[in-house]
There are 2 protein chains.
Amino acid sequence: MTVTESRTEHHVDTREALLDAAEALFSEHGIQASSLRMITHQAGANLAAVHYHFGSKEGLVRAVFARRLQPLQEERFRLLEACDLSGGVEGKGVEQVIHAFVAPLIRRMRETPDGAHAFAQLMGRVFSEPSEDVRSMLIQELKPSADRFVDALRQLLPHLADKELMWRFQFLAGGMGHTVSCQKMVARFSEGVCGGDPDEMLRYLVTFMASGLRAPATAEPDLQGEPA
Amino acid sequence: MTVTESRTEHHVDTREALLDAAEALFSEHGIQASSLRMITHQAGANLAAVHYHFGSKEGLVRAVFARRLQPLQEERFRLLEACDLSGGVEGKGVEQVIHAFVAPLIRRMRETPDGAHAFAQLMGRVFSEPSEDVRSMLIQELKPSADRFVDALRQLLPHLADKELMWRFQFLAGGMGHTVSCQKMVARFSEGVCGGDPDEMLRYLVTFMASGLRAPATAEPDLQGEPA
DNA sequence: GTCTATATAGCGATAGAC
DNA sequence: GTCTATCGCTATATAGAC
């Protein structure tokens, strides 16, 4: 009740309240562990309201993602189009593309702590989501964006074979996803040192990932330095 | 039944069969979504066997992790001790430390496809596990290892402030965790290009992460290159 | 559109026979 | 050490009054 806040009179919009409550609870406890009873209670709505507005729990899950993912992707595209890809591996384009990919998520974490922040945490987590429904929805929603970013990186890093290029994009996405979705764990592992400021994290992340992306192509096996 | 296979006569070891089944189901569907009924059915055991052997579902979860985590950590430590930390940022120590951290997981994925492979997937996923029980067990189990790796990196990268060093370790851990736990998603995003060979992934990962770790320290804000 | 009441099913856990 | 039977609880979903 206190968490959602919005409805002081009675209900501003039950549908939105349900989405807010579901987002917060999904990110806090996971999708599976968030019951419709918890969600409707936190939203100040009736249990049956979920089925009226979204048809099922699955429909609610889809709606929670769609609401945030579309504007996020649009912002990523806008930033990507503003990147200067002409400088190649030595130009600032590498940093710019990473920034375009990560910053929209970080910005939302900073600006709406109890909305997008929860969503960012959920986004990172949901990649290892066991439900095939959620998985295929994510692919459908994110694949076009991922492809465009890989295309941009291909222009910047033409010396890389496609396979290595795609792996590097995965390392970038994974590093971002981990730090965003596992913030509590990260903070506990670093004893609080890596808590707090998302913008600081973003700067460190851009430095690290840009250097990783710029690395020379990996040589064929046996040149690999393995201890002992 | 067909999955676990082992017990053709009647039961080789119910306890082990339960651990195997739990590991497989946890990694496939998540911990919360794997019921004791599913687990005991797959293990060819009785529902009550879980409570006899492990006391509760929570006890079973702990046992699943403990069985794999202890030998994994020991191998990491052995490899870490063999690393040459004297060469600083320019030496091969950076690659060696990354390798020591990641390779034990990869090796298990390669060698026991239906055991450690499932566990590796579970390991990556469980970092965003909502259950506080699981979270604190993971911290307890992994923190000493993480600290020793951060110490090694500190020796190799003395020019980095501690905060940035720890963030870089998190980016490394996140990139590894993502690629290991989200293999199916990674393969689908790359349309199969990034599937298959774990050793190839390991080589690419070492190249990428070593370059990221070696990056010069991040400058204070406003020097950051941001698009438009 | 929102409510109460309920149907149907699955959950973790336990008692007690064997 | 393994079994059956069952308790107490919660889940999603739906029917029907308002």
Side-chain angles (χ1 to χ4, degrees), chain A residues 1 4 6-65 129-134 137, chain B residues 1 4 6-65 67 126 129-134 137:
Chain A
M1 301 205 174
T4 315
S6 36
R7 307 142 296 92
T8 47
E9 193 133 339
H10 193 220
H11 46 270
V12 174
D13 186 341
T14 299
R15 201 189 135 92
E16 283 297 308
L18 286 170
L19 288 172
D20 288 340
E23 182 174 79
L25 288 166
F26 288 167
S27 98
E28 184 67 20
H29 309 108
I31 295 175
Q32 153 93 18
S34 303
S35 71
L36 296 185
R37 281 174 172 77
M38 290 162 66
I39 294 165
T40 50
H41 177 258
Q42 175 153 332
N46 185 273
L47 175 60
V50 169
H51 296 91
Y52 176 80
H53 286 285
F54 304 101
S56 67
K57 182 177 182 178
E58 166 67 18
L60 173 61
V61 172
R62 286 176 174 275
V64 164
F65 280 94
E129 174 70 30
S131 153
E132 176 54 30
D133 287 321
V134 176
M137 184 206 54
Chain B
M1 299 203 173
T4 315
S6 36
R7 305 142 297 96
T8 47
E9 193 134 338
H10 192 217
H11 46 268
V12 175
D13 186 341
T14 299
R15 201 189 134 92
E16 283 297 307
L18 285 171
L19 288 172
D20 289 340
E23 182 174 79
L25 288 168
F26 288 167
S27 100
E28 185 67 20
H29 307 110
I31 296 175
Q32 153 94 17
S34 304
S35 71
L36 295 184
R37 284 172 171 82
M38 290 162 66
I39 294 165
T40 49
H41 176 257
Q42 174 153 331
N46 185 273
L47 175 60
V50 168
H51 296 92
Y52 176 80
H53 286 286
F54 304 101
S56 66
K57 183 177 183 179
E58 166 68 19
L60 173 61
V61 172
R62 287 177 174 273
V64 165
F65 280 92
R67 179 174 67 150
V126 90
E129 174 69 31
S131 153
E132 176 54 30
D133 286 321
V134 175
M137 182 207 55

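Because the structure is a prediction, the values reported are computed rather than measured.
Between B:E16 atom CD and D:dG1 atom C1' there is a gap of 16 Å when expressed in whole angstrom units. Between the NE2 atom of A:H53 and the C1' atom of C:dG1 there is a distance of 7 Å, rounded to whole Å. B:D133 places its CG atom 15 Å from the P atom of C:dG12, with the value rounded to the nearest Å. Rounded to an integer number of Å, the gap from B:F54 CZ to D:dG1 P is 12 Å. Going from atom CE of B:M38 over to atom C1' of C:dA9 covers 15 Å, rounded to whole Å. Summarising the geometry, the separation between CG on B:N46 and P on C:dG12 is reported as 14 Å, rounded to the nearest angstrom. Rounded to a whole Å, the CZ atom of B:R15 is 12 Å from the P atom of D:dT2.
Taking side-chain N and O atoms only, A:Y52 has a distance below 4.0 Å to OP1 or OP2 of C:dG1. A close approach under 4.0 Å does occur between a side-chain nitrogen or oxygen of A:T14 and OP1 or OP2 of C:dT2.
Of the residues listed (B:K57, B:M137, B:R67), the one engaging B:R62 in a side-chain contact (heavy atoms from CB on, under 4.5 Å) is B:M137, and it is the only one.
The side chain of B:S35 lies closest to C:dG12, out of C:dT4, D:dT4, C:dG12.
Residues meeting the side-chain contact (heavy atoms from CB on, under 4.5 Å) test with A:S27, sequence neighbours left out: A:A118, A:Q121, A:L122. The side-chain contact (heavy atoms from CB on, under 4.5 Å) test applied to B:H53 returns B:T14, B:R15, B:L18, B:A49, not counting sequence neighbours. In this view, A:S35 and A:R37, A:M38 satisfy the side-chain contact (heavy atoms from CB on, under 4.5 Å) rule, not counting sequence neighbours. B:F54 pairs by the ring pair (Phe, Tyr, Trp, His ring centres under 6.0 Å) definition with nothing, not counting sequence neighbours.
Comparing the end axes of the helix from C:dG1-D:dC18 to C:dC18-D:dG1, each fitted to five base pairs by superposing C1' atoms of four pairs onto the next four, gives an inter-axis angle of 0° (nearest 10 degrees).
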### Task
Start with the C-alpha gap between B:L25 and B:I31, add the side-chain angles, then the distance that decides, and say whether side-chain contact (heavy atoms from CB on, under 4.5 Å) holds.
CA-CA 8 Å; B:L25 288 168; B:I31 296 175; over 6 Å; no
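Residues B:A21 and B:Q42 approach most closely at CB-CG, 3.9 Å, considering heavy atoms.
Considering only heavy atoms from C-beta on, B:V61 stays 4.5 Å or farther from B:D133 through its side chain.
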### Message
I need a per-nucleotide contact map over nucleotides 13-18 of chain C, read 5' to 3'. Cutoff is protein heavy atoms under 4.0 Å; write B for the base, S for backbone only, - otherwise.
### Response
BB----
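Once rounded to the nearest 0.5 Å, the distance linking CD1 of B:I39 with CG of B:L19 reads 10.0 Å.
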